[in-house]
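Before any comments, here is the structure.
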Amino acid sequence: MKRLTFEITIAASRQAVWAAMIGPETYQVWTAPFCDGSRFEGSWEPGDRIRFLGPDNMGMLSEVAEHLPAERISLHHLGMVDNGVPDTSSDMARDWAGAYENWHYADVPGGCQLTAEVDVSPNFEGFVLEKYPMALSALKALCEEGGAL
């Protein structure tokens with residue numbers, strides 16, 4: 001698996017960026033580039049499982065490895081969700097299983113530096129390289145337009 005890193009500076013506080021990332025309504029806005037109608041089910045508490053789903057109940061199954069509000073979120077991907085049912089054994093699920101997605105928030109002059117580190121298999125590298133910059137731009141617009149406050 002390869003680790004890709006994405007960074008963006010957002011003219012908002014770390015707290016506002018963090019809140020926009022995990023708020024149910026704002027999550028749907030900034031994650032639309034991945035899948036229009038994206039949502040999550042579950043808790044952001046460390047050790048809890050969380051599902052990242054599209055409107056068709058397809059998506060990813062993850063565990064919150066670490067969550068320090070407005071500092072760091074680490075997700076450990078366990079597999080996929082297929083029509084609402086956890087899948088950890090299919091080829092696609094095994095492509096994601098064991099991958100981490102880490103988010104870091106840092107204060108910089110004028111706002112927050114957000115860094116995403118994403119483990120990705122070759123099968124999903126093109127998707128991740130295309131969609132992450134789009135999603136981060138959507139998050140930046142959301143936060144800077146005041147939708148995250």
Side-chain angles (χ1 to χ4, degrees), residues 1-10 12 14-108 111-143 148:
M1 226 175 265
K2 183 178 192 177
R3 179 160 285 185
L4 301 175
T5 302
F6 303 91
E7 293 183 339
I8 194 164
T9 301
I10 301 174
R14 285 185 301 138
Q15 292 76 15
V17 174
W18 167 77
M21 283 189 63
I22 69 167
E25 294 82 21
T26 48
Y27 177 87
Q28 292 181 24
V29 174
W30 77 267
T31 59
F34 297 117
C35 176
D36 197 28
S38 290
R39 69 185 192 287
F40 65 85
E41 292 178 354
S43 163
W44 291 93
E45 292 298 314
D48 284 359
R49 288 193 172 186
I50 191 166
R51 295 174 181 216
F52 299 99
L53 302 169
D56 57 0
N57 284 327
M58 307 288 274
M60 295 179 61
L61 174 65
S62 303
E63 178 181 58
V64 180
E66 183 178 22
H67 184 182
L68 301 170
E71 290 182 31
R72 178 177 160 83
I73 296 175
S74 180
L75 301 170
H76 180 215
H77 297 306
L78 305 173
M80 305 300 288
V81 177
D82 185 1
N83 210 15
V85 178
D87 168 19
T88 57
S89 60
S90 70
D91 287 343
M92 186 181 288
R94 286 194 308 267
D95 266 350
W96 279 112
Y100 279 85
E101 181 176 343
N102 301 310
W103 295 88
H104 306 274
Y105 309 80
D107 290 323
V108 295
C112 172
Q113 178 77 33
L114 180 64
T115 303
E117 300 169 332
V118 184
D119 294 339
V120 61
S121 75
N123 292 338
F124 291 100
E125 186 174 355
F127 177 83
V128 169
L129 286 169
E130 177 187 357
K131 300 297 184 178
Y132 263 79
M134 294 168 65
L136 291 175
S137 291
L139 180 61
K140 177 180 175 78
L142 178 68
C143 291

| message | I'd like to know if the side chain of Arg94 and the backbone of Ser89 have a donor-acceptor N/O pair within less than 3.5 Å. | response | yes

| message | Using a 6.0 Å cut-off, check whether atom CZ of Arg49 has over 12 heavy atoms from anything other than its own residue. | response | no

| request: With rounding to the nearest 0.5 Å, note down the distance linking OG in Ser62 to CG in Asp48. | output: 12.5 Å

| request: Rounded to the nearest 0.5 Å, what's the gap from CE on Met60 to OG on Ser38? Could you check? | output: 11.5 Å

| message | Tell me every residue that passes ring pair (Phe, Tyr, Trp, His ring centres under 6.0 Å) with Phe40, counting only those two or more places apart in sequence or in another chain. | response | Tyr27, Trp44

| query | Where do Pro69 and Trp18 come nearest, in terms of heavy atoms and distance? | reply | CB-CZ2, 3.5 Å

| field | Rounded distance (nearest 0.5 Å) linking atom CD1 of Ile8 with atom CG of Leu139 | value | 7.5 Å

| request: Check for a donor-acceptor pair, side chain of Trp103 on one end and backbone N or O of Leu114 on the other, with a separation under 3.5 Å. | output: no

| said: For Asn102 versus Leu75, what's the shortest heavy-atom pair and its separation? | reply: OD1-N, 4.4 Å

| message | Assess, by modelled atom type and distance only, whether the side chains of Tyr100 and Glu66 contain a donor and an acceptor separated by less than 3.5 Å. | response | no

| Nearest heavy atoms of Val17 and Cys112, plus distance in Å | CG2-CB, 4.0 Å

| request: Look at the rings of Phe127 and Phe34 and say which category their plane angle falls in: under 30° parallel, 30 to 60° tilted, over 60° perpendicular. | output: tilted

| field | Test item: side-chain donor near acceptor, Thr9 and Gln113, under 3.5 Å | value | yes

| Yes or no on side-chain contact (heavy atoms from CB on, under 4.5 Å) for His104 and Thr5, after CA distance, side-chain angles and deciding distance? | CA-CA 11 Å; His104 306 274; Thr5 302; over 6 Å; no

| Working for side-chain contact (heavy atoms from CB on, under 4.5 Å), residues Arg14 and Asp107 | CA-CA 7 Å; Arg14 285 185 301 138; Asp107 290 323; 3.0 Å; yes

| Got a sec: does the CE of Met1 have more than 12 other heavy atoms crowding it under 6.0 Å? | yes

| field | Step-by-step side-chain contact (heavy atoms from CB on, under 4.5 Å) determination, Ile22 to Ile73 | value | CA-CA 10 Å; Ile22 69 167; Ile73 296 175; 3.8 Å; yes

| Of the non-hydrogen atoms in Asp119 and Trp96, which two are nearest, and what is the gap between them? | O-CZ3, 3.6 Å

| remark: When rounded to the nearest 0.5 Å, the distance separating CZ of Phe124 from CG of Leu4 is 13.5 Å

| request: Supply the atom-to-atom distance Leu136 CG to Ile10 CD1, rounded to the nearest 0.5 angstrom. | output: 7.0 Å

| note | Nearest heavy-atom contact between His67 and Pro46 is N-CG, 3.9 Å

| note | In terms of heavy-atom contacts, Gly47 and Glu63 come closest through O-OE2, 3.6 Å

| request: Using atom types as modelled and distance alone, determine if a side-chain donor or acceptor of Arg51 lies under 3.5 Å from a backbone N or O of Pro86. | output: no

| field | Distance, nearest 0.5 Å, that separates CD1 of Ile50 from CG of Leu61 | value | 10.0 Å

